[in-house]
Amino acid sequence: MVSGRSPLGYYRAFASFGHGSGQAGFQAMVTLSVKQALSGHTPEGTPVEVRGWVRTRRDSKAGLSFVNLSDGSCFDTLQVVAPASLPNYASEVQKLSAGCAIVARGRLVPSQGKGQAFELQADSIEVPGWVEDPETYPIQPKPHSPEFLREVAHLRPRTNLFGAISRVRHTMMMAIHRHLTGEGFFWVNTPIITTSDAEGAGDMFRVSTLDLANLPRDDRGAIDFRKDFFGREAFLTVSGQLNVEAYCLALSKVYTFGPTFRAENSNTPRHLAEFWMIEPEIAFADLNDDADCAEKFLKAIFSTVLEERADDMAFFAERVQKDAVTRLEKFIASPFERIEYTEAVDILKRAKQKFEFPVEWGMDLQTEHERWLAEQHVGRPVVVMNYPEKIKAFYMRLNDDGKTVAAMDVLAPGIGEIIGGSQREERLDCLDRRMAEFGLDPAHYQWYRDLRRYGTVPHAGFGLGFERLLVYVCGLSNIRDAIPYPRTPGHAEF
RNA sequence: GCCCGAGUAGCUCAGCCGGUUAGAGCAUCUGACUGUUAAUCAGAGGGUCCCCCGUUCGAGUCGGGGCUCGGGCGCCA
């Protein structure tokens, strides 16, 4: 909504972009988005122009047609009323079908029909873009399966579902930047091309300019990457965390937010080869500070989406998942529970619930365990803290018990793990010991070790897959619908 | 990568134990009707039943192989 702006001010803001302005006694044409047209901020009778794509057309023998127009600016469509007196009424208006691009000019008036407050009484309708074969245009005014729409990823944003997802996606991205900025964070753009296997986080995509048909070889017959573009092996990033730690130990509160790549052969509704990840990192902070940060973060993002995209969220609740709105509201209102990993294992072992996988101290929790904890046992989001050191990454801080590291997972009802984080090992000797245990060559991590040699401090952070969060917010069942052009094993169309 | 399921009109699907010309809703086109709301009513057009091989007098239907899609698991965010 365009709150805090007078109708007059709104009008002025757009009048300068209109046609024929500056003539005395002539009211300038105002180009409005559908959202603006429906907002009620434009004085009745103002000459306006709206542009978009036809969703449906209904003809009336009373001498007019109703054209529902969408331009993506909001969930709702604008009803354009086209009188039979238009010169192109029979030749064009009555031939409009779903997907046609039109420019409609006329006056905004209160609607005589039910279902909308305002409508456009058209003086003219231009059709810059026809649909060449209406019968085979894939997007019809009816529900389509997400599976089918994945085959037409270039046209699916024209549906209610993907329009809503796209707007919520944008709103969430902006909400993340706004929230973290408000908390004093700086956005650090860590590299997309990397030469270190950041944390063994997964298989990596190789970046190379070598001629695959004619690879340079060294003395021993191995591929000579010294001849490659960067003079050594290079890959697409699997995480910006290690790089952002350096900026954390200078700017105190930082985050990465960018594309991330995993070359794993994962064929599930929860995995993408290319996705966006958010990784906040805070200095002078321990695991509890990290959990506080994560809780505040999630609640702020969800609040913003509910506030700014109420129209789209109402659609998800109506058509995708009944409790799409209420569970976010419940999430926001619930203080997170915090339990120790060791305690969680005890609870799971005592649970009457039968699990497919056994629970044993030292094993990572399965999705079924995580969901049972959050949904059945606690009934709200829960942070599980301090996991066995053997199942967690090398950079996580060893606890005093010598058996666990300061790692945390945020588990939410409905999905399981939504955030993973940890306090980082800031002690050089401990870090070196853990790297040795993981078989990592310290020579490849000199700059990372330097951070522990020069002004090291306790610090912590977490990682969050953006599309998984979007799946949760929208109530989707497949992550391939949470990103415009999904990349998965065997798929990089479009 | 492993396991399971599904491919029939533009879309969503029905099609029994193998048997005549493969159906419905929506969409499209034509007409009727109407300030209409995924309008309604009537009619019409629209099919390589995913592909190949096999069994059979006869295959959308049964068997084998392949392809594609979906789900579960693993890896993980």
Side-chain angles (χ1 to χ4, degrees), chain A residues 55-68 76-84 94-95 97-99 109-116 119 121 131-152 155 159-160 199-203 237-241 256-257 259-279 319 356-357 364-368 370 391-393 409-410 415-421 462-472 477-483 488-491 493:
Chain A
R55 281 290 180 78
T56 60
R57 188 199 85 235
R58 295 176 295 280
D59 297 329
S60 167
K61 275 297 184 302
L64 63 164
S65 291
F66 302 96
V67 179
N68 277 93
D76 289 322
T77 54
L78 178 68
Q79 174 158 287
V80 176
V81 182
Q94 286 193 301
K95 292 191 168 66
S97 61
V109 297
S111 180
Q112 294 175 37
K114 293 168 185 170
Q116 60 280 318
E119 62 190 18
Q121 189 68 41
V131 167
E132 66 174 28
D133 182 5
E135 183 165 7
T136 56
Y137 179 62
I139 310 302
Q140 299 166 2
K142 55 164 284 186
H144 290 289
S145 67
E147 293 81 10
F148 167 70
L149 290 171
R150 267 169 232 151
E151 297 170 14
V152 286
L155 297 174
T159 62
N160 280 335
E199 48 175 302
D203 298 327
T237 182
V238 293
S239 166
Q241 182 204 312
T256 71
F257 189 0
T260 309
F261 307 88
R262 303 275 168 96
E264 277 135 14
N265 189 15
S266 300
N267 295 289
T268 84
R270 297 177 306 283
H271 289 84
L272 292 167
E274 176 184 292
F275 61 99
W276 288 63
M277 189 158 65
I278 306 124
E279 296 169 290
R319 293 293 180 92
E356 189 185 343
F357 292 90
D364 213 350
L365 300 181
Q366 299 288 326
T367 300
E368 57 171 341
E370 295 176 337
I391 59 171
K392 290 293 182 181
D409 282 345
V410 179
I415 36 171
E417 182 185 335
I418 191 168
I419 278 182
F462 60 85
L464 170 62
F466 179 79
E467 284 78 14
R468 286 191 177 174
L469 195 64
L470 187 59
V471 160
Y472 181 64
S477 52
N478 195 312
I479 201 167
R480 294 166 194 175
D481 300 326
I483 191 166
T488 56
H491 292 285
E493 300 91 351

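Keep in mind the model is a prediction, meaning the values are calculated, not measured. Below, read A as the first sequence line, B as the second, and so on, with proteins coming before strands; counting in each chain starts at 1.
- Ionic pairing of Asp59(A) and Arg57(A) is present here: one or more N-O contacts between side-chain nitrogen and carboxylate oxygen are shorter than 4.0 angstrom.
- Residue His491(A) places its side chain closer to rC69(B) than to any other of rC75(B), rG10(B), rC69(B).
- Spacing between rC26(B) and rG43(B) at atom P, rounded to whole Å, works out to 12 Å.
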For this session: I would like to know whether Phe257(A) and Phe466(A) meet ring pair (Phe, Tyr, Trp, His ring centres under 6.0 Å); could you show each step before the answer?
Result: CA-CA 9 Å; Phe257(A) 189 0; Phe466(A) 179 79; 5.6 Å; yes
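- Checking rU40(B) for Watson-Crick or G-U wobble geometry (two distances, each under 3.5 Å) identifies rA32(B) as its partner.
- Contact annotation for Leu272(A): base contact, defined as any heavy-atom pair under 4.0 Å involving a base atom.
- Contact annotation: side chain of Gln116(A) to base of rG35(B), donor-acceptor pair absent below 3.5 Å.
- A gap of 46 Å separates the C1' atoms of rU20(B) and rC2(B), to the nearest Å.
- Between the NZ atom of Lys95(A) and the P atom of rU28(B) there is a distance of 15 Å, rounded to whole Å.
- Side-chain contact check for Ser239(A) and Glu279(A): at least one donor-acceptor pair (N or O, by modelled atom type) lies under 3.5 Å.
- Distance noted for atom P between rU68(B) and rG54(B): 24 Å (whole Å).
- Ser111(A) comes within 4.0 angstrom of a nucleotide base, judged by non-hydrogen atoms across all strands.
- Under a 4.0 Å N-O distance rule, the pair Asp481(A)/Arg150(A) qualifies as a salt bridge.
- Of the candidate nucleotides rU37(B), rG71(B), rC76(B), rC76(B) has the atom nearest to the side chain of His271(A).
- Taking atom CD of residue Gln366(A) and atom P of nucleotide rG72(B), one finds them 15 Å apart after rounding to whole Å.
- In this structure rC2(B) sits in a base pair with rG72(B), meeting the Watson-Crick or G-U test at under 3.5 Å.
- Residue-level contact check: Arg480(A) touches the backbone only, with heavy atoms under 4.0 Å from sugar-phosphate atoms and none from bases.
- Heavy atoms of Phe148(A) sit under 4.0 angstrom from primed sugar atoms or phosphate atoms, though from no base atom.
- Between Lys392(A) and Asp409(A) a salt bridge is recorded (basic side-chain N to carboxylate O distance below 4.0 Å).
- Nearest nucleotide to the Arg58(A) side chain, out of rG10(B), rU36(B), rC75(B): rU36(B).
- Under the 3.5 Å distance criterion, with hydrogens and angles disregarded, a donor-acceptor pair is assigned to the side chains of Thr268(A) and His271(A).
- In this structure, the OH atom of Tyr137(A) is 13 Å from the C1' atom of rA27(B), given to the nearest Å.
- Residue side chain Ser266(A) reaches the base of rC75(B) through a donor-acceptor N/O pair under 3.5 Å, judged by distance alone.
- Within 4.0 Å (heavy atoms only), Gly113(A) reaches at least one base atom of the nucleic acid.
- Here Gln121(A) lies in heavy-atom contact (under 4.0 Å) with a base.
- Across all strands, Asp59(A) comes closer than 4.0 Å to base atoms (heavy-atom distances).
- Residue contacts shown for Asn267(A) include a base, since a base heavy atom lies under 4.0 Å away.
- Summary of the strand contacts: Glu135(A) and Arg319(A) both lie near RNA chain B, and taking for each the nucleotide with the nearest heavy atom, the more 5' one is attributed to Arg319(A).
- The side chain of Ser60(A) lies closest to rU34(B) when the candidates are rU34(B), rA27(B), rG10(B).
- Here Glu274(A) lies out of heavy-atom contact (under 4.0 Å) with every strand.
- The nearest pair of heavy atoms linking Thr256(A) to Gly240(A) is CG2-O, 4.0 Å.
- Ranking rA39(B), rA38(B), rC75(B) by closeness to the Glu264(A) side chain, first place goes to rC75(B).
- Residue contacts for Gln79(A): at a heavy-atom cut-off of 4.0 Å it reaches a base atom on one of the strands shown.
- Across all strands, Ser145(A) comes closer than 4.0 Å only to sugar-phosphate atoms, never to a base (heavy-atom distances).
- Residue Arg150(A) places at least one side-chain N or O under 4.0 Å from the OP1 or OP2 atom of rG70(B).
- Rounded to whole angstrom, the span from the CG atom of Asn160(A) across to the P atom of rA38(B) amounts to 11 Å.
- When the P atom is used for both rU55(B) and rU61(B), the distance is 15 Å, rounded to whole Å.
- With hydrogens and angles ignored, no donor-acceptor pair under 3.5 angstrom links the side chain of Glu147(A) to the base of rG7(B).
- The closest side-chain donor-acceptor pair between Thr56(A) and Arg58(A) falls under 3.5 angstrom.
- When each of rC75(B), rA27(B), rG70(B) is scored by its nearest atom to the side-chain atoms of Asn478(A), the top-ranked nucleotide is rG70(B).
- Among the heavy atoms of the strands lying under 4.0 Å from Pro269(A) are primed sugar atoms or P, OP1, OP2 only; no base atom is included.
- If you find the closest nucleotide of RNA chain B to His144(A) and to Pro141(A), the one lying nearer the 5' end belongs to His144(A).
- With distances taken from any side-chain atom of Gln140(A) to the nucleotides rU36(B), rG74(B), rG10(B), the minimum falls on rG10(B).
- When distances run from any side-chain atom of Lys61(A) to the nucleotides rU34(B), rU12(B), rG35(B), the shortest one goes to rU34(B).
- In this structure, Phe357(A) reaches the sugar-phosphate backbone alone: every heavy-atom distance under 4.0 Å involves primed, P, OP1 or OP2 atoms, never a base.
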